[in-house]
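Note sheet for the following structure.
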Amino acid sequence: MPQIQLINPADESLLQVVFHTSEGEVDDAVDVARIAQRRWAALAPADRAAALRRFAGAVDAAVEELAWLEVQNSGHPITQARWEAGHVRDVLQYYSAVPERLLGAQIPVAGGIDVTFLDPIGVVGIIVPWNFPMTIAAWGFAPALAAGNAVLLKPAEWTPLTAIRLGELARESGLPEGLFQVLPGRGDVVGNRFVTHPGVRKVVFTGSTAVGKRVMAGCAEQVKAVTLELGGKSANIVFADADLDKAAATAPYAVFDNAGQDCCARSRILVQRSVYDRFLELLEPAVKGVRVGSPSDESTEMGPLVSRAHHNKVSSFVTDESQVAFRGTAPDGPGFWFPPTVLLPASRTDRAVTDEIFGPVVTVLPFEDEADAIALANDTQYGLAGSLFTRDLGRALRVSRAVETGNLSVNSHSAVRYSTPFGGFKQSGLGRELGPDAALAFTETKNVFISTD
Ligand code: NAD
């Protein structure tokens, strides 16, 4: 039976062996899910809402357990991992309000009445990456379940443990058997079967742009609904009139959080030329002050990279030719450690400027004026996130409107909240997750005309 050996990224010890789901087992899971989904959708909305609140309660009681699983499996710092597990609870709680609020419309027409219903799509396949195994899964499964669907969740090969535990918690909290199934396994087996199985009516894919394109092409074969949350190469734009202390103090956390393994990482810092040198002076102590160390330590801010293979990929961006401005620290010894690294690329077309590194490496480039900043920020195939720092409100609004990206923060380094929409422009994705309307993406609108003649 195919299996994978999970390695603790902080010390390279063998953590656990996880067996992989076969294609035939996916097919069996779809059959069970279809039956469970029909029963789930037939429940009273208040009962579905209550079931989701019980699931949220079970997650709440397991926050500590889930957090420590993520520490060991993914190398996330414990304080961050606790936040992630609590976020899953909050997302479930937020979407538990949906079943009783899936409102259709009554449309004025001649000769009768016209009403719409929001029907569940059926069985939804969710494919997630390894960088935020719990939270990204919840962004899909919570609104999908709330809208009356069944969910099959495929975690990433390296990081399945919290997803598997969430599947158990769902059952233990009383969600119907087969409604939410976690199927660990390979992308080209389990994930691909979600795409090719006619019984899976929507695929939610979060991962690389390259695989996302294949998933989209595969879904086209069956005109299957698809949401894509893909890569990013986001800009952090610092204007000369900004609070430079704040911009420099927060910039490391905008890119080195989760060791840079963040689709929203602001991995291109763009600084107006007149304050470029001053900004770098302020940035250096901020970068060197990032506490990199054991994920189990309560004071750790940044842990290791997820795997040896990923470490090799990130390392390829920092070569003998790279112009390294300064670096932070990282532990010696076993573990996939990589220090926060600031590069001053020679050109705007340098690979470190154009490619998603997905590690703790940031480039700093100067720009001349507002138009140059916008052009530079938009000079990428991606459009997921970004920040801008300025004290000029008009400029903040102008630049926010001009930057082609789905999630922006002004004078702040993060824009992600479960109550606000999330997703990308350009090759960063298709569709939006989170926010008040997310569950609608897991419904079909049915229109019914009733004659009164
Ligand atoms: P990846 O594309 O290699 O894998 C993502 C998932 O897809 C995994 O579960 C994998 O097993 C599965 N997969 C692989 N091949 C498949 C196939 N042929 N069919 C179906 N599924 C398949 O990405 P990754 O390396 O795990 O994650 C990193 C990438 O994810 C980065 O590009 C990052 O920016 C992106 N990401 C995006 C978001 C977002 O919300 N936009 C969030 C997190 C990560």
Side-chain angles (χ1 to χ4, degrees), residues 2 4 18 20-21 23 26 74 76 84 125-140 152-160 162-164 182-197 200 203-219 221 224 226-234 255 257-267 305-307 309-314 355-359 380-386 405-407 414-416 418 420-435 438:
I4 187 163
V18 169
H20 277 179
T21 312
E23 196 171 294
V26 177
S74 306
H76 290 189
E84 291 167 19
I126 299 178
I127 303 169
V128 295
W130 47 261
N131 63 326
F132 287 109
M134 278 189 273
T135 52
I136 291 174
W139 296 1
L152 305 178
L153 168 64
K154 193 204 89 63
E157 287 85 333
W158 295 328
T159 57
T162 47
I164 292 171
V182 179
L183 309 176
R186 288 172 56 118
D188 57 359
V189 178
V190 180
N192 186 57
R193 190 63 186 137
F194 290 179
V195 173
T196 60
H197 196 303
V200 176
V203 173
V204 176
F205 175 84
T206 307
S208 61
T209 296
V211 177
K213 287 177 184 175
R214 283 162 57 192
V215 168
M216 188 177 181
C219 286
E221 287 294 316
K224 186 177 290 198
V226 62
T227 299
L228 300 174
E229 296 285 4
L230 308 176
K233 187 72 187 177
S234 300
V255 58
D257 263 358
N258 206 30
Q261 303 164 124
D262 182 347
C263 51
C264 292
R266 277 72 166 162
S267 53
L305 293 170
V306 73
S307 69
H310 190 56
H311 188 279
N312 291 343
K313 185 195 154 198
V314 174
D355 292 11
E356 184 182 42
I357 300 175
F358 224 53
T380 168
Q381 61 170 325
Y382 298 113
L384 189 58
T405 182
N407 313 273
S414 170
V416 179
Y418 60 77
T420 58
F422 176 79
F425 279 29
K426 301 195 282 189
Q427 294 194 33
S428 283
L430 192 69
R432 292 291 176 274
E433 298 186 305
L434 298 178

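Heavy-atom basis, side chains included; hydrogens, waters and symmetry copies ignored. Whatever order the structure lists ligands and atoms in, that order sets their numbers, starting from 1.
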Which ligand 1 atoms are under 4.0 Å away from a heavy-atom of [X]?
X    : result
G231 : 32 (O), 34 (O)
N192 : 19 (N), 20 (C)
I127 : 6 (C), 7 (O), 9 (O), 12 (C), 20 (C), 21 (N)
T206 : 5 (C), 37 (C), 38 (C), 39 (C), 40 (O), 42 (C), 43 (C)
I136 : 42 (C), 43 (C)

Practice task
Could you check whether the rings of W158 and W130 sit parallel, tilted or perpendicular, using 30° and 60° as the cut-offs?
Solution key: tilted
Is the closest side-chain heavy-atom distance between [X] and [Y] below 4.5 Å?
X    : Y    : answer
C263 : F422 : yes
W139 : V416 : yes
K233 : Q381 : no
S428 : T209 : no
L434 : T420 : no
I136 : N131 : yes

Completion exercise
Minimal heavy-atom distance between E157 and R186, with the atoms involved, is OE2-CA, 3.4 Å
Handout entry: Considering all heavy atoms, the nearest V203-I127 contact
Key = CG1-CD1, 4.0 Å
In terms of residue, atom name and distance, what is the protein heavy atom nearest to [atom]?
atom                    : value
atom 13 (N) of ligand 1 : G187 CA, 3.3 Å
atom 15 (N) of ligand 1 : V211 CG1, 3.6 Å
atom 34 (O) of ligand 1 : E356 OE2, 2.5 Å
atom 7 (O) of ligand 1  : F205 CE1, 3.2 Å
atom 26 (O) of ligand 1 : W130 CD1, 3.0 Å
atom 27 (O) of ligand 1 : P129 CB, 3.3 Å
atom 41 (N) of ligand 1 : L230 O, 2.8 Å
atom 10 (C) of ligand 1 : E157 OE1, 3.7 Å

Judged by non-hydrogen atoms, does [X] sit under 4.0 Å from ligand 1?
X    : value
F422 : yes
N131 : yes
F194 : no

Problem - atom 4 (O) of ligand 1 touched by protein (heavy atom, under 4.0 Å) - result: no
Between the candidates [options], which shows the shortest non-hydrogen contact distance to [atom]?
atom                    : options                : answer
atom 39 (C) of ligand 1 : Q261, E433, E229       : E229
atom 2 (O) of ligand 1  : S208, G424, G207       : S208
atom 42 (C) of ligand 1 : A265, C263, A210, A385 : C263

Any N/O pair [X]/ligand 1 closer than 3.5 Å:
X    : answer
K154 : yes
V128 : yes
L384 : no
R186 : no

Problem - Positive for side-chain contact (heavy atoms from CB on, under 4.5 Å) with L153, one of L183, V128, V204 - result: V128
Fill in the blank from the handout: Counting heavy atoms under 4.0 Å, the part of T209 that contacts ligand 1 is neither
Problem - Structural part of R214 in contact with ligand 1, heavy atom criterion under 4.0 angstrom - result: side chain
Completion exercise
Distance col, row L230:CG vs K213:NZ, nearest 0.5 angstrom, shows 9.0 Å
